[in-house]
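Each residue takes its place number in the sequence, starting with 1. Just so it is clear, the values below take in all heavy atoms, side chains as well, and ignore hydrogens, waters and symmetry mates.
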Amino acid sequence: MTRRRISSFTPFEALASFSRAVVDGDMVYVSGTTGMDRETGAFPPDAAAQARLALGHVEAALGEAGAGLADVLRVVVYIADRADLMAVCEAVGEAFAGILPANTTVIAALALPEMKVEIEVTARIGSAAR
């Protein structure tokens with residue numbers, strides 16, 4: 001199977017030369033994705049809202065790849081402020097309830113001061129049905 005690249009056409013993808021997701025065989029690798037509102041170009045001030053937006057962007061990329069959140073095997077969550085940990089965990093927990101992927105959560109500075117959360121996932125197309 002040919003490697004396929006998925007773009008969401010954000011300025012960051014062009015600037016840093018990366019794809020939102022790469023499909024290789026039945027594997028899908030979704031790049032770190034933030035909670036920027038694509039219509040306004042702004043980040044909500046609330047970390048949980050950013051997490052939900054980021055997860056929506058991740059889900060859209062997975063959908064374009066032929067997968068869904070249920071196919072996610074691993075999620076990595078980066079949070080800029082430890083104080084936002086529980087709110088972000090709740091948002092991630094809602095998205096992955098019953099799916100239970102492997103999860104790593106890291107507190108780390110993010111690329112822009114207004115970014116509060118960044119989420120990346122690895123999925124296998126059709127794995128939820130197996």
Please find the pair of heavy atoms, one from Ala48 and one from Ala91, that lie closest to each other, and give the distance. O-CB, 4.1 Å
On a heavy-atom basis, which atom in Phe12 and which in Phe18 lie closest, and how many Å separate them? O-CE2, 3.2 Å
Under 3.5 Å, is there a donor-acceptor pair between the side chain of Arg52 and the main chain of Ala47? no
Do Ser127 side-chain atoms and Asp71 backbone N/O form a donor-acceptor pair below 3.5 Å? yes
Testing the basics here: between Val72 and Pro101, what is the closest heavy-atom pair and its distance to 0.1 Å? O-CB, 3.6 Å
Do Val23 and Ile125 make a side-chain contact, defined as non-hydrogen atoms from C-beta onward lying under 4.5 Å apart? yes
Ala80 versus Ile107, closest heavy-atom pair with distance: O-CG2, 4.2 Å
Does a donor on one side chain sit under 3.5 Å from an acceptor on the other, for Arg4 and Ser19? no
Which heavy atom in Pro44 sits nearest to a heavy atom in Leu53, and how many Å separate them? CG-CD1, 3.6 Å
Heavy-atom side-chain proximity of Leu73 to Met27 below 4.5 angstrom: yes
Could I get the full list of side-chain hydrogen bond (donor to acceptor under 3.5 Å, both in side chains) partners for Thr34, not counting sequence neighbours? none
Non-hydrogen side-chain atoms of Lys116 and Asp46 separated by less than 4.5 Å: no
Minimal heavy-atom distance between Ile119 and Ala51, with the atoms involved, is CD1-O, 4.0 Å
Starting from Val58, can I reach Val76 by hopping between I/L/V/M/F/W/Y residues whose side chains sit under 4.5 Å apart? no
Check whether the side chains of Glu120 and Tyr78 place a donor and an acceptor atom closer than 3.5 Å, and report yes or no. yes
For side chain to side chain contact (heavy atoms under 4.5 Å, CB included), just list the numbers for Arg38 and Ser8, CA-CA rounded to whole Å, side-chain angles, deciding distance to a tenth of an Å, and then say yes or no. CA-CA 10 Å; Arg38 296 215 175 122; Ser8 57; 3.5 Å; yes
Taking Tyr29 as the starting point, is it possible to reach Leu69 by hopping between hydrophobic residues whose side chains are less than 4.5 Å apart? no
If we ignore hydrogens and angles and just use 3.5 Å, is the side chain of Gln50 paired with the main-chain N or O of Phe43 as donor and acceptor? no
CE/Met36 to CE/Met115 distance, rounded to the nearest 0.5 angstrom? 8.0 Å
Result of checking Arg20, Glu59, Glu118 against Thr33 for side-chain hydrogen bond (donor to acceptor under 3.5 Å, both in side chains): Arg20
Can you list the steps and then say if Arg74 with Thr104 is a side chain to side chain donor-acceptor pair (under 3.5 Å)? CA-CA 8 Å; Arg74 179 170 175 72; Thr104 299; 3.1 Å; yes
Flag the pair Val117 / Asp84 as yes when at least one side-chain heavy-atom distance between them is below 4.5 Å, and no otherwise. no
Arg3/Asp24 salt bridge by N-O under 4.0 Å criterion: yes
Does any non-hydrogen side-chain atom of Leu55 lie less than 4.5 Å from one of Phe96? yes
dist Glu64:CD -> Ser7:OG (nearest 0.5 Å) comes out at 8.5 Å
